[in-house]
Trainee: 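This structure is in structure tokens; I'll ask about it shortly.
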Amino acid sequence: MPRRARQKSSTGIYHVVMRGIDRRTIFEDAEDFAAFVGILATVQNMTEMKIFAYCLMDNHFHLLIQESEYPVSNIMNRICSRYCAYFQHKYESVGHLFQNRFYSSPVEDDQYFACCMEYIMDNPVKAGIVKNAADYCWLGRGTTGDCADVPQRGAQGTLVLSPCPEEWAEAVGTPGDSTMCPSLRSGRVAQSPSSLAAILCLAAGCSDPAEIANMHEQEKITAIAAAIAAGASLRQIVVLTGISKSAVDRLKKKSAN
């Protein structure tokens, strides 16, 4: 089955997720995290992309970025190829480091921008690493200076984090604010299959909702619960994921427990 074409964003803003192949660790120590931040700074200088937020976890990373004259695929290729070369040289490894295709979700409005921002900032909290996002070093948002003291290995200058678009500022609020993401919190009905697909992928950390069918049960439950909270029907989830109606119904009941 051919994979779906990557959706283009009219704003040029994307939430991007990249995972290690087979969900393996891609950051072994603090030096690796710092090296990646430096590579982000290097690629930012080369492409003039905007970075609104980022979060680096052991086996994946999140970026909320705006492409420039360089498309998001070109930007990600530059980031991943440079970090892969660094990692292979340091650990004398060969073969793939990242999964084949990064997840990207186009961000078209203020509410979904807020959704993505909160999701990124909450990652280390949900993983149980820290109690407050501010205590996690490998995370940055806006121009708050988060991680400004991180060593910039190989960077051409300092990583610059951009504030959210001015016209969207009111929707973003502060990390942890329950009003940030009404599409996932208040049961607002999603406006289109593409927005539901984005919510499913956001919750599952994949590039295509069809991938959810092959995930572990808890990952399926998390994605389905997020879609239902956004107003998705069982039929819509079945169509987007390829999971049978009876299985979706069973997972829905488990998510409610």
Trainee: Where do Gln99 and Met18 come nearest, in terms of heavy atoms and distance?
Mentor: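 Distance-wise, the nearest heavy atoms are O-CE, 3.2 Å.
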Trainee: Can you list the residues that meet the side chain to side chain donor-acceptor pair (under 3.5 Å) rule with Thr11, with sequence neighbours excluded?
Mentor: Ser9
Trainee: Count the heavy atoms of every other residue, nucleotide or ligand shown that sit under 6.0 Å from CD of Glu167, and state whether that count exceeds 12.
Mentor: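 Correct, the count exceeds 12.
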Trainee: Answer yes or no: is there a donor N or O on one side and an acceptor on the other, between the side chain of Lys220 and the main chain of Ile212, under 3.5 Å?
Mentor: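 Flag not set: sc Lys220 to bb Ile212 has no pair under 3.5 Å.
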Trainee: Can you name the salt bridge (Lys or Arg N to Asp or Glu O under 4.0 Å) partners of Asp249, sequence neighbours left out?
Mentor: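 In terms of salt bridge (Lys or Arg N to Asp or Glu O under 4.0 Å), with neighbours along the sequence ignored, Asp249 is linked to Lys253.
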Trainee: Does Tyr83 reach the main-chain N or O of Ile26 with its side chain, forming a donor-acceptor pair under 3.5 Å?
Mentor: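 Yes, Tyr83 side chain to Ile26 backbone: donor-acceptor pair under 3.5 Å.
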Trainee: Determine the interplanar angle of the Phe33 and Trp138 rings, folded into 0 to 90°, and report it as parallel if under 30°, tilted if 30 to 60°, perpendicular if over 60°.
Mentor: parallel
Trainee: A side-chain contact here means heavy atoms from C-beta on lying under 4.5 Å apart; do His60 and Asn123 qualify?
Mentor: yes
Trainee: Under the side chain to side chain donor-acceptor pair (under 3.5 Å) rule, collect the residues that match up with Glu217, sequence neighbours excluded.
Mentor: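 With neighbours one apart ignored, the set is Arg250, Lys254.
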Trainee: Membership question, hydrophobic clusters at under 4.5 Å side-chain separation (ILVMFWY): are Ile21 and Leu97 in the same one?
Mentor: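 Per the 4.5 Å side-chain linkage, Leu97 and Ile21 are not co-clustered.
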Trainee: When rounded to the nearest 0.5 angstrom, what is the spacing between CZ in Phe102 and CD1 in Ile75?
Mentor: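 Atom-to-atom, Phe102:CZ and Ile75:CD1 are 9.0 Å apart.
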Trainee: Is the side chain of Gln88 donor-acceptor paired with the backbone N or O of His96 at a distance under 3.5 Å, no angle test?
Mentor: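 Looks like no, no N/O pair under 3.5 Å.
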Trainee: Please walk me through it: do Met57 and Ile129 pass side-chain contact (heavy atoms from CB on, under 4.5 Å)?
Mentor: CA-CA 10 Å; Met57 304 292 282; Ile129 300 172; 3.6 Å; yes
Trainee: Say you draw a straight line from CG of Leu251 to OG1 of Thr241; how long is it, rounded to the nearest 0.5 Å?
Mentor: 9.0 Å
Trainee: Would you check if the side chain of Asp109 reaches a backbone N or O of Gln111 as a donor-acceptor pair within less than 3.5 Å?
Mentor: yes
Trainee: Can you list everything that forms a side chain to side chain donor-acceptor pair (under 3.5 Å) with Glu108? Sequence neighbours excluded, please.
Mentor: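 So Glu108 forms a side chain to side chain donor-acceptor pair (under 3.5 Å) with Ser10.
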Trainee: Looking at Glu219 and Met215, what are the two nearest heavy atoms and their distance?
Mentor: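 For Glu219 and Met215, the tightest heavy-atom pair comes out as OE1-CB, 3.4 Å.
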Trainee: Apply salt bridge (Lys or Arg N to Asp or Glu O under 4.0 Å) to Lys90 and list each qualifying residue two or more places apart in sequence or on a separate chain.
Mentor: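 Counting only residues at least two positions away or on another chain, Lys90 forms a salt bridge (Lys or Arg N to Asp or Glu O under 4.0 Å) with Asp29, Glu31, Asp32.
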Trainee: Listing request: all salt bridge (charged side-chain N to carboxylate O under 4.0 Å, His left out) pairs with a residue in residues 48-69, at least two apart in sequence or in separate chains.
Mentor: Lys8-Glu67
Trainee: Determine the minimum heavy-atom distance between Leu200 and Pro209, stating which atoms define it.
Mentor: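 Heavy-atom minimum between the residues: CD1-CB, 4.1 Å.
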Trainee: How close do Arg141 and Leu161 get, counting heavy atoms only, and between which atoms?
Mentor: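 Closest heavy-atom pair between Arg141 and Leu161: N-CD1, 3.6 Å.
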Trainee: What are the two closest non-hydrogen atoms of Asn59 and Arg24, and how far apart are they?
Mentor: CB-O, 3.2 Å
Trainee: Measure from the side-chain N and O atoms of Thr25 to the backbone N and O of Glu28, and report whether any donor-acceptor pair falls under 3.5 Å.
Mentor: no
Trainee: At their closest point, which heavy atom of Ala133 faces which heavy atom of Leu139, and how far apart are they?
Mentor: O-CD2, 4.2 Å
Trainee: Using 0.5 Å steps for rounding, measure from the CG atom of Leu63 to the SG atom of Cys116.
Mentor: 12.0 Å
Trainee: Between Val17 and Tyr119, is any pair of side-chain heavy atoms under 4.5 Å apart?
Mentor: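 A side-chain contact is absent here, since even the closest heavy-atom pair is not under 4.5 Å.
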Trainee: Measure the CE-SG distance between Met117 and Cys55 for me, rounded to the nearest 0.5 Å.
Mentor: 12.0 Å
Trainee: Please evaluate residues Phe52 and Ile120 with respect to the criterion side-chain contact (heavy atoms from CB on, under 4.5 Å), reporting the C-alpha separation (whole Å), side-chain torsions for both, the decisive distance (0.1 Å), and the verdict.
Mentor: CA-CA 11 Å; Phe52 302 108; Ile120 292 169; over 6 Å; no
Trainee: Judged by atom type as modelled, is there a donor-acceptor pair below 3.5 Å linking the side chain of Tyr136 to the main-chain atoms of Leu56?
Mentor: yes
Trainee: Roughly how far, to the nearest 0.5 Å, is the CD1 atom of Ile243 from the CG atom of Leu234?
Mentor: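 One finds 10.5 Å between CG of Leu234 and CD1 of Ile243.
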Trainee: Do Tyr14 and Pro71 come within less than 4.5 Å of each other through their side chains, counting heavy atoms only?
Mentor: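 No, side chains not in contact.
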Trainee: With respect to Phe27, which candidate in Phe36, Tyr91, Phe87 satisfies the ring pair (Phe, Tyr, Trp, His ring centres under 6.0 Å) definition?
Mentor: Phe36
Trainee: Using atom types as modelled and distance alone, determine if a side-chain donor or acceptor of Ser68 lies under 3.5 Å from a backbone N or O of Thr47.
Mentor: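 Answer holds: yes.
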Trainee: Can you tell me how far apart CE (Met121) and CG (Leu64) are? Round to the nearest 0.5 Å.
Mentor: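 Answer for the CE-CG pair, Met121 versus Leu64, is 10.5 Å.
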Trainee: Given side-chain contact (heavy atoms from CB on, under 4.5 Å), test Tyr70 with Arg78 step by step and report yes or no.
Mentor: CA-CA 10 Å; Tyr70 295 89; Arg78 289 168 185 257; 3.2 Å; yes
